[in-house]
Colleague: 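Take a look at this one; I'll ask things after.
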Amino acid sequence: MNEVPRHAVRPIRAEEWREVKELRLLALKDPAAPIAFLDTYEQAAAKPDSFWQERARGSSAGGTRVRQFVAEDGRNGAWTGTVTVLIEDAGGVDPFGTTVERRQAHVVGVFVRPEHRGSGVIDALFEAAVAWAWSVEDVTRARLYVHEDNARAERFYRRYGFTPSGQTVPVKGDPAKVERELVLDRPRAPSGVS
């Protein structure tokens, strides 16, 4: 008997904007949302359908600057989690207003439905996201930011291999708190391998 894969991960498709919107709004209702996302439920819910359509179009499978991945339940196809990768170019400005020093991948929008946490969804999402980042020309580093109070997320990121860079940015609206930058360097090819 063939076993159904537990988590299938793939890039979103442009026509899946309604599902993108639904999952994002669900993420923004999560109790950890205030320390996990720069957006609020109220702000996102007020955006018109055209915003979500453009967002899905820009981060779908054909995108070269942004790619959003979703994990699907292997039994029923329901979206169980998501992660988005932004490609940042040297000299550009990141969402925190900092100048980007080198071409890199910026991991954002990480969310797993509560009932699927601890089931391997996050690992599968990060495998796909990081593999795509390494496939982009001249990307040698992936980074993400984690709120100093988001210990659960930071534990996973560190387990995956991300390490603190020492850089922090103040949290918007609460400058007494910081977001810590964690980085993952692209593995080097063994000597003699091109």
Colleague: Please say yes or no: joined through hydrophobic side-chain contacts below 4.5 Å, possibly via intermediate residues, are L25 and F51 part of one cluster?
Modeller: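 Yes.
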Colleague: Distance only, no hydrogens: is a donor on one side chain within 3.5 Å (strictly under) of an acceptor on the other, for E179 and T168?
Modeller: no
Colleague: Check D73 with R113, please: is the shortest side-chain N to carboxylate O separation under 4.0 Å?
Modeller: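 Judged by the 4.0 Å cut-off on N to carboxylate O distance, R113 and D73 do not form a salt bridge.
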Colleague: Can a salt bridge be assigned to the pair E154 and R158 using a cut-off of 4.0 Å between side-chain N and carboxylate O?
Modeller: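 Looking at R158 together with E154, the answer is yes, because their closest N to O distance falls below 4.0 Å.
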Colleague: Is there a chain of hydrophobic side chains (I, L, V, M, F, W, Y, each step under 4.5 Å between heavy atoms) that links L23 to F69?
Modeller: no
Colleague: Would you mind reporting whether L86 and D94 have side-chain heavy atoms less than 4.5 Å apart?
Modeller: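 D94 vs L86: side chains apart.
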Colleague: Please enumerate all residues that pass side chain to side chain contact (heavy atoms under 4.5 Å, CB included) together with R24, with sequence neighbours excluded.
Modeller: L28, F37, D39, W52, R55
Colleague: Are P95 and Y145 close enough that some pair of their side-chain heavy atoms sits under 4.5 Å apart?
Modeller: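 Counting from C-beta outward, P95 and Y145 never come under 4.5 Å.
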Colleague: Taking D185 first and then R143, would you say they form a salt bridge - that is, a charged N and a carboxylate O separated by under 4.0 Å?
Modeller: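 Between R143 and D185 there is no salt bridge, as every charged N stays at least 4.0 Å from the carboxylate O atoms.
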Colleague: So which heavy atom on A14 is nearest to which on A56, and how close?
Modeller: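 Minimum heavy-atom separation between A14 and A56: O-CB, 3.5 Å.
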Colleague: Do L184 and V136 land in one hydrophobic cluster if side-chain heavy atoms of ILVMFWY residues count as linked below 4.5 Å?
Modeller: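 Linked within one cluster.
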Colleague: Do NZ/NE/NH1/NH2 and the carboxylate oxygens of R186 and D138 come within less than 4.0 Å?
Modeller: no
Colleague: Do the charged groups of R141 and E181 touch, with an N to O distance under 4.0 Å?
Modeller: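 Yes, charged N to carboxylate O under 4.0 Å.
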Colleague: Dump the intermediate steps for side-chain contact (heavy atoms from CB on, under 4.5 Å) on V171 and H147, then the final yes or no.
Modeller: CA-CA 8 Å; V171 172; H147 191 285; 3.5 Å; yes
Colleague: Please name all residues satisfying salt bridge (charged side-chain N to carboxylate O under 4.0 Å, His left out) with D49, sequence neighbours left out, ordered by chain then number.
Modeller: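 With sequence neighbours excluded, D49 shows a salt bridge (charged side-chain N to carboxylate O under 4.0 Å, His left out) to K21, given in chain and number order.
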Colleague: For residues V85 and A133, report the shortest heavy-atom separation together with the two atoms involved.
Modeller: CG1-CB, 4.3 Å
Colleague: Please report the interatomic distance CD(E72) to CD(E19), rounded to the nearest 0.5 Å.
Modeller: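 One gets 10.0 Å once the value is rounded to the nearest 0.5 Å.
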Colleague: Might you confirm whether atom NZ of K172 has over 12 heavy atoms from other residues, nucleotides or ligands at distances under 6.0 Å?
Modeller: no
Colleague: Do V183 and T163 make a side-chain contact, defined as non-hydrogen atoms from C-beta onward lying under 4.5 Å apart?
Modeller: yes
Colleague: Would you kindly confirm whether V130 and F156 end up in one hydrophobic cluster when ILVMFWY residues are joined by side chain heavy atoms under 4.5 Å apart?
Modeller: yes
Colleague: V139 versus I87: any side-chain heavy-atom pair under 4.5 Å?
Modeller: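 Yes, their side chains come closer than 4.5 Å.
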Colleague: Partners of E127 by side chain to side chain donor-acceptor pair (under 3.5 Å), sequence neighbours excluded?
Modeller: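 Side chain to side chain donor-acceptor pair (under 3.5 Å) check on E127 returns Y160.
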Colleague: Less than 3.5 Å apart, any donor N or O on the side chain of Q43 or T40 sitting next to an acceptor on the other?
Modeller: yes
Colleague: Side chains of E88 and H106: do they bring a donor and an acceptor to under 3.5 Å?
Modeller: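 There is such a pair between these side chains.
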Colleague: Are L38 and V108 connected in a single hydrophobic cluster, I mean Ile/Leu/Val/Met/Phe/Trp/Tyr linked by side-chain heavy atoms less than 4.5 Å apart?
Modeller: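 No, because V108 and L38 fall into different hydrophobic clusters, even though each may have its own neighbours under 4.5 Å.
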